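Every number for a ligand or one of its atoms is a count from 1 in the order of the listing. The chain is numbered in sequence order, starting from 1. The model shown is predicted, which means the values in this text are computed figures rather than measured ones. Side chains are part of it too, since the values below use all heavy atoms of this structure and drop only hydrogens, waters and symmetry mates.
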Amino acid sequence: MAPNTRPSKALGQHFLTDSRVLMRIASAAELTPQDLVLEIGPGTGALTRHLVSSGARVITIELDRGLAASLPERLGNPPNLTVVEADARTLDLELFLGSVTDYKVVGNLPYYAANPIIRRFLEATPQPRLIVATLQEEVAHTITAAPGKMGLLSVAVQYYAIPRLVCSVPPRAFRPPPKVNSAVIKLEIRDNPAVDVPGSQGFFDLVRAGFSSPRKQLRNSLSHGLGVSTQAVASLLSGLKMDSTRRPATMSLEDWATVYRAWEEFSENVPSD
Ligand code: SAM
């Protein structure tokens with residue numbers, strides 16, 4: 001950490017000190033000297049050091065002014081490192097990336113902002129080629145879940161990317177140790193979204209509605225989220241030969257796409273409650 005400063009809880013500052021974990025993160029990114037990598041939240045630079053030594057061009061985005069200012073010197077002013085002081089949640093990515101079309105994202109992310117940061121890059125134009133992120137293990141499991149354990153976040157990420165769990169990271173790998181376990185995930189961005197739907201915004205509105213009461217049966221959760229009668233939803237699902245009593249967590253992306261296409265077609269004729 002910067003001289004005379006304490007790690008900021010508000011900024012989710014837990015610094016990785018386990019060199020094996022640092023090496024696994026860096027090697028999951030498969031960096032070559034031809035790569036451009038954005039590192040989110042470099043902190044004291046433990047991971048940055050590994051990224052820089054790959055020869056890739058490294059641009060770090062750090063919100064903490066003191067840490068951002070001290071990073072280049074701390075790492076010996078490597079020529080392939082650029083440090084930007086900014087908030088990764090709100091940075092104007094299109095402006096920032098300019099003419100860049102091919103890049104990767106790596107970060108031991110602050111827990112409080114991990115979801116919005118990942119979402120930002122998944123929805124960015126251009127998208128990164130891959131994302132390697134350390135986040136709360138529970139969140140990592142949701143992102144990588146298969147039908148049976150899916151949540152809204154699983155669908156949102158798997159629509160754009162193929163996720164893989166790289167490794168679990170215990171609290172003792174950090175200073176100060178967080179209260180929960182962490183995990184490293186790797187997201188390989190798909191060339192095209194996982195399902196072919198007419199408009200991702202409408203698709204996600206439907207999926208969000210479907211998870212509005214995740215423990216309820218699908219017909220009840222969708223009815224609640226869409227504001228239409230359970231009978232109308234049940235008849236829509238039976239027209240698709242889909243069991244309306246199943247739980248939202250059992251739905252695959254293709255199942256959601258099937259429901260969405262049918263919903264798009266019939267929504268104007270569905271009577272509301
Ligand atoms: N990469 C370092 C490591 O592994 O030791 C630090 C990781 S620490 C979990 C998260 C880092 O993200 C901190 O340095 C924190 O200041 C920074 N940070 C927090 N919120 C941020 C934001 N919105 N945008 C960019 N960086 C942020």
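Protein heavy atom at the shortest distance from atom 19 (C) of ligand 1 is L11 O, 3.1 Å. Distance from atom 2 (C) of ligand 1 to its nearest protein heavy atom, with residue and atom name: P42 O, 3.3 Å. Among all non-hydrogen protein atoms, the one lying nearest atom 10 (C) of ligand 1 is N108 O, 3.6 Å. Considering only non-hydrogen protein atoms, atom 17 (C) of ligand 1 sits nearest to E62 OE2, 3.3 Å.
The residues K179 and E138 are annotated as not salt-bridged, no charged nitrogen and carboxylate oxygen being separated by less than 4.0 angstrom. Electrostatic pairing of E265 and R261 does not count as a salt bridge here, judged by no charged N lying under 4.0 Å from a carboxylate O. Using a 4.0 Å cut-off between charged side-chain N and carboxylate O, R57 and D35 make no salt bridge.
With ligand atoms numbered from 1 in the order given, ligand 1 contributes 7 (C), 8 (S), 9 (C) to contacts under 4.0 Å with heavy atoms of H14. Every atom of ligand 1 with a heavy atom of L63 under 4.0 Å away is listed here by number and element: 20 (N), 21 (C), 22 (C), 23 (N), 24 (N), 25 (C), 26 (N), 27 (C). Contact atoms of ligand 1 toward D64: 16 (O) (distance under 4.0 Å to a heavy atom of the residue). Residue contact check: R89 has heavy atoms under 4.0 Å from atoms 23 (N) of ligand 1. Applying the 4.0 Å criterion to heavy atoms of A86 picks out, from ligand 1, the atoms 24 (N), 25 (C). The ligand atoms of ligand 1 that sit less than 4.0 angstrom from a heavy atom of G12 are 8 (S), 9 (C), 10 (C). Each of the following atoms of ligand 1 lies closer than 4.0 Å to a heavy atom of Q13: 13 (C), 15 (C), 16 (O). Close approach of ligand 1 to I61 (heavy-atom distance below 4.0 Å) involves ligand atoms 25 (C), 26 (N).
For R215, there are no salt bridge (charged side-chain N to carboxylate O under 4.0 Å, His left out) partners two or more places apart in sequence or in a different chain.
Checking only distances, A88 does come within under 3.5 Å of ligand 1, N or O to N or O. Residue Y112 has at least one N or O atom closer than 3.5 Å to an N or O atom of ligand 1. Below 3.5 Å of separation, one finds an N or O of D87 facing an N or O of ligand 1. Ligand 1 has an N or O atom lying under 3.5 Å from an N or O atom of G41, backbone or side chain. Taking only nitrogen or oxygen atoms, main chain and side chain alike, L16 reaches within less than 3.5 Å of ligand 1.
Within the 4.0 Å heavy-atom shell around ligand 1 one does not find A113.
Evaluated for a side-chain contact (heavy atoms from CB on, under 4.5 Å) with K186, the options V132, I25, L165 yield exactly one hit, V132.
A side-chain N or O of S168 and one of E137 form a donor-acceptor pair less than 3.5 Å apart. S8 and Q13 share no donor-acceptor pair across their side chains, judged by distance under 3.5 Å alone. Side-chain N/O atoms of N220 and S223 include no donor and acceptor closer than 3.5 Å.
S154 places a side-chain N or O within donor-acceptor distance of the main-chain N or O of T142, the cut-off being under 3.5 Å.
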Would you tabulate the side-chain donor-acceptor contacts of residues 194-205 under 3.5 Å, counting partners in other chains and residues two or more places apart, or write 'none'?
{"from": "Q201", "atom 1": "NE2", "to": "D205", "atom 2": "OD1", "distance (Å)": "3.2"}
{"from": "D205", "atom 1": "OD1", "to": "R208", "atom 2": "NH1", "distance (Å)": "3.2"}

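Separation of atoms CG (L67) and CD (E85) is listed at 10.0 Å; rounding is to 0.5 Å.
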